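Here the structure is laid out as structure tokens; the discussion comes afterwards.
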Amino acid sequence: MSIPACLFSASQRLHTGQRARLSGTPATLAQPLNAFPGETTPSMSIPPSMDYTLNTYLAITLAPASPYFTAPANLVSAQVVQSAPFQLVYVGNVGALQDTHLYSVPKSQYEQVKDQVYATLDTLKPNHIRSIDVQVPRQRAKRAGGEL
């Protein structure tokens, strides 16, 4: 007579290696259960601190066929960007999106050459850049109790 699987405890149903990790030291407890020894897991990146008083941030979506897709920081080294009258700085990914990256331009420069920023980056469309969106800071508001 067999016993239904639902009557076993969670630790009895776990893979032997996973059960061993559950009873291990605190350092091994931090390892995700779906990762096996020697397997690498993606690290969580800390979002960069952004200063909207000093910089204007641009979310740039890159084309998958572009060489900048795999090396987005290299966009700031592109010849057309290097010869522009503004400084473009790579900030990092936008969340978990692989194709969208955040770049900054000093606000003092951006206000004076806004049209040139778009003209310069537009020369890289559609082969390298799909879209450019200016990021505007917004105050987050809590929901009232009844709006859930």
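Since we're looking at a predicted model, the values are computed, not measured. Below, each value reflects all heavy atoms present in this structure, side chains not excepted, and no hydrogens, waters or symmetry copies.
A continuous path of ILVMFWY side-chain contacts below 4.5 Å connects L97 to M50, so both sit in one hydrophobic cluster. Hydrophobic clustering places I132 together with L88 (ILVMFWY residues linked when any side-chain heavy atoms are closer than 4.5 Å, directly or through intermediates).
Here the side chains of Q135 and V94 are not in contact, with every heavy-atom distance at 4.5 Å or above. In this structure, the side chains of Q98 and P64 stay at 4.5 Å or more apart for every pair of heavy atoms. By the 4.5 Å heavy-atom criterion applied to side chains, V134 and Y118 are counted as neighbours. Considering only heavy atoms from C-beta on, Y110 comes within 4.5 Å of V117 through its side chain. Q87 is listed as a side-chain neighbour of Q109, based on a closest heavy-atom distance under 4.5 Å. Proximity of L124 to V80: side-chain heavy atoms (C-beta onward) are separated by under 4.5 Å at one or more points. Residues K125 and T123 have side chains not in contact (no heavy-atom distance under 4.5 Å, counting atoms from C-beta outward).
Note that CZ of R140 is 10.5 Å distant from NZ of K142, once rounded to the nearest 0.5 Å.
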Under 3.5 Å, which donor-acceptor pairs do the side chains of residues 68-77 form with other protein atoms, sequence neighbours left out?
unit_1	atom_1	unit_2	atom_2	d
T70	OG1	P67	O	3.3

Name the atoms and distances for all side-chain donor-acceptor pairs under 3.5 Å in residues 55-62, with sequence neighbours left out.
unit_1	atom_1	unit_2	atom_2	d
N55	ND2	Y57	OH	3.3
Y57	OH	D51	N	2.9
T61	OG1	T100	OG1	3.3
T61	OG1	S131	OG	3.2

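Taking the six-membered ring for Trp and thresholds of 30 and 60 degrees, Y90 and H101 have ring planes inclined between 30 and 60 degrees apart.
A pairwise comparison of heavy atoms in P85 and Q116 identifies CG-OE1, 3.0 Å as the closest pair. Contact detail for P126 and A63: the closest heavy-atom pair is O-CB, 3.8 Å.
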Determine, step by step, whether K107 and Y52 satisfy the side chain to side chain contact (heavy atoms under 4.5 Å, CB included) criterion, reporting the C-alpha distance in whole Å, the side-chain angles of both residues, the deciding distance to 0.1 Å, and the verdict. CA-CA 8 Å; K107 192 172 276 298; Y52 284 93; 5.5 Å; no
Does V89 form a side chain to side chain contact (heavy atoms under 4.5 Å, CB included) with V105? I'd like the steps, not just the answer. CA-CA 6 Å; V89 177; V105 176; over 6 Å; no
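By the 6.0 Å contact criterion, CD on E111 is enclosed, its count of non-hydrogen atoms from other residues, nucleotides or ligands being greater than 12.
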